[in-house]
Asks: 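What follows is a single structure, and I will ask about it in a moment.
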Number of protein chains: 2
Amino acid sequence: MAQSDTVDRILDAAEELFAERGFSETSLRMITSKAKVNLAAVNYHFGSKNALIHAVFGRFLTPFSATLEKAFDELEVRCDGKPPTLNQTLWVLTESAVRMPQRNEKGISIFMRLLGLAYTQSQGHLRKFLEQEYSEPFSRFMRLLKEATPQLSAVDRYWRIQFMLGATAFTMSSSDALQDILRNKLGVDTTVQEIAARLVPFLAAGMQAQDALLAPRAESKIPVA
Amino acid sequence: MAQSDTVDRILDAAEELFAERGFSETSLRMITSKAKVNLAAVNYHFGSKNALIHAVFGRFLTPFSATLEKAFDELEVRCDGKPPTLNQTLWVLTESAVRMPQRNEKGISIFMRLLGLAYTQSQGHLRKFLEQEYSEPFSRFMRLLKEATPQLSAVDRYWRIQFMLGATAFTMSSSDALQDILRNKLGVDTTVQEIAARLVPFLAAGMQAQDALLAPRAESKIPVA
DNA sequence: GTCTGTTTGAAACATACGTTTGAAGCACAT
DNA sequence: ATGTGCTTCAAACGTATGTTTCAAACAGAC
């Protein structure tokens, strides 16, 4: 069977297990037994566990970043000259994510969960890998955000972007569990698309909130250090 | 020295290392050597590594939840009858966190980072422990949120609360790294207090955003499944 | 001092991990 | 058929982990 589907089977299993359990909590033996391949296959095809982690990210991040670039291009054409609004920028991002061709029905939530883990689990090697591989679409997104929120100071913008990332990564990364809870509690079904549709207005409103450091109640103000 | 400070030395070291590196990435040998105690001391005093993790959380979560209960009591008195506003509720929460007596200068960020990890690293035993130990202040907070946002549907409120939790847990769990980046990029120093002061308005604005499912641009709308 | 219960210490235990090895299996060109 | 290059396989390697063991050290009561 051509260059053997071993590589893909490993990637599929690794992706799912990493998303479920994190990186250090997932052993090569779990991966290879789920993928039904020999233990040595990972080191043979990828070289090391860390390299496998990089490959898992590369497999979905490379096409995603291409899709995103194109979507940003279209957006800028559509806006000819004028900088896109915050809402437009956020929508383009979430649409690109949601529209990515999925390997299976869990695709989008695995995708999100992995992104969240990449930020959260301070695996030095991963962060370095992502920075040098995907710095371009990332900084382009940042530039668009900057142009869409000229009223914010650089520091305010920086932190609010982190808040957005957090809300997104966290929600999407546990979207399965959260959907289950909601179904049990309120008997409502939700798709990832609907979650995204709820998330974007939340983020946009947060980004455009009034100046951050004007505390709302004098007696409630936190003393500055 | 009384019942020996071994227990506290272990807790101090464990707390710091867990916050820095996560749970599975921190070995008992790292902890005991940092604490300058014998390896066996952990299992002697705590029983197991998992029990040590619970003890680390218990040590700061129990006083925190007491502080929080009192703060909620005061808030409700201050509002006599009327339900507290969203801003008030969020401020009371962050103030209670920020004002907790700190063991050292890193106290608050360790505190936050651990809370973030607790949500993020899906350690089953930890989640179960936290749920059955601290369900009361948690559900009280939820009740206050509900009363503060009567205009939201239950489903909207549910998702927006998840967004808030995500933004908070994520930001706080990597607050050190994020502060470093900001220092290198813009040469600005930030305290955890300031992060909290920026976070609250962001969250409040997001919670009170216009109805979630009115998409902003027709041609950008995500097709409903 | 001597006994008693608790705490510490060095060493070992069993297990799990990532990685390496070298033989076997396989497809395919010659 | 034979040789060649790639892939699979079972087994082992070395190291690190959480936990247990049991003797030594210690503190306080008598």
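A note on names: the letters A, B, ... follow the listed sequences, proteins ahead of strands, and every chain is numbered from 1. Everything numeric here is computed off the predicted structure, so don't read it as measured data.
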Asks: Let me know the distance between CD1 of B:Ile10 and P of D:dT19, rounded to the nearest Å.
Replies: 13 Å
Asks: For A:Ile31 and C:dC17, what is the distance between atoms CD1 and P respectively, to the nearest whole Å?
Replies: 11 Å
Asks: Sequence neighbours excluded and cut-off under 3.5 Å, please list the side-chain donor-acceptor pairs for residues 61-68 of chain B, or say none.
Replies:
{"residue": "B:Thr62", "atom": "OG1", "partner": "B:Gly58", "partner atom": "O", "Å": "3.1"}
{"residue": "B:Thr62", "atom": "OG1", "partner": "B:Tyr134", "partner atom": "OH", "Å": "2.8"}
{"residue": "B:Thr67", "atom": "OG1", "partner": "B:Pro63", "partner atom": "O", "Å": "2.9"}

Asks: Please report the distance, rounded to the nearest Å, between CZ in B:Phe46 and P in D:dT19.
Replies: 13 Å
Asks: When you check the phosphate oxygens OP1 and OP2 of D:dT8, does a side-chain N or O of A:Thr6 lie under 4.0 Å from one of them?
Replies: yes
Asks: Within less than 4.0 Å of OP1 or OP2 of D:dC6, is there a side-chain N or O belonging to A:His45?
Replies: no
Asks: One pair to check against salt bridge (Lys or Arg N to Asp or Glu O under 4.0 Å): B:Arg59 and B:Glu15. What are the steps and the verdict?
Replies: CA-CA 10 Å; B:Arg59 183 168 66 150; B:Glu15 180 178 84; 3.5 Å; yes
Asks: With sequence neighbours excluded, tell me which residues meet side chain to side chain donor-acceptor pair (under 3.5 Å) with A:Glu147.
Replies: A:Arg143
Asks: Just N and O in the side chain of B:Ser27: are any of them under 4.0 Å from OP1 or OP2 of D:dT17?
Replies: yes
Asks: Is it the case that the side chains of A:Glu25 and B:Ser24 hold a donor-acceptor pair, with the cut-off being a distance below 3.5 Å and no angle test?
Replies: yes
Asks: Which part of the nucleic acid, if any, lies within contact of A:Thr32, taking any heavy atom under 4.0 Å across all strands shown: a base, the sugar-phosphate backbone alone, or nothing?
Replies: nothing
Asks: Figure out the CG/C1' separation between B:Leu17 and D:dT17, and round it to whole Å.
Replies: 15 Å
Asks: Please state how far atom CZ in A:Arg9 lies from atom C1' in D:dT8, giving the value in whole angstrom units.
Replies: 12 Å
Asks: Filter on ring-ring contact (aromatic ring centres under 6.0 Å, His included), then keep only pairs touching residues 182-202 of chain B, sequence neighbours left out; what's left?
Replies: A:Phe163-B:Phe202
Asks: Side chain to side chain contact (heavy atoms under 4.5 Å, CB included) with A:Phe138: which residues, sequence neighbours excluded?
Replies: A:Tyr119, A:Met142
Asks: For the pair made of CD1 in B:Ile53 and P in D:dG18, what is the distance, rounded to whole Å?
Replies: 9 Å
Asks: CZ of B:Phe18 versus C1' of D:dG18: gap in Å, rounded?
Replies: 12 Å
Asks: With A:Lys146, which residues qualify under side chain to side chain contact (heavy atoms under 4.5 Å, CB included), at least two apart?
Replies: A:Arg157
Asks: For the pair made of CD in A:Glu25 and C1' in C:dC17, what is the distance, rounded to whole Å?
Replies: 13 Å
Asks: Could you go over nucleotides 19-25 of chain C and give all protein N or O partners under 3.5 Å, atom names and distances?
Replies:
{"residue": "C:dT19", "atom": "OP2", "partner": "A:Asn43", "partner atom": "OD1", "Å": "3.3"}
{"residue": "C:dT19", "atom": "OP2", "partner": "A:Lys49", "partner atom": "N", "Å": "2.9"}

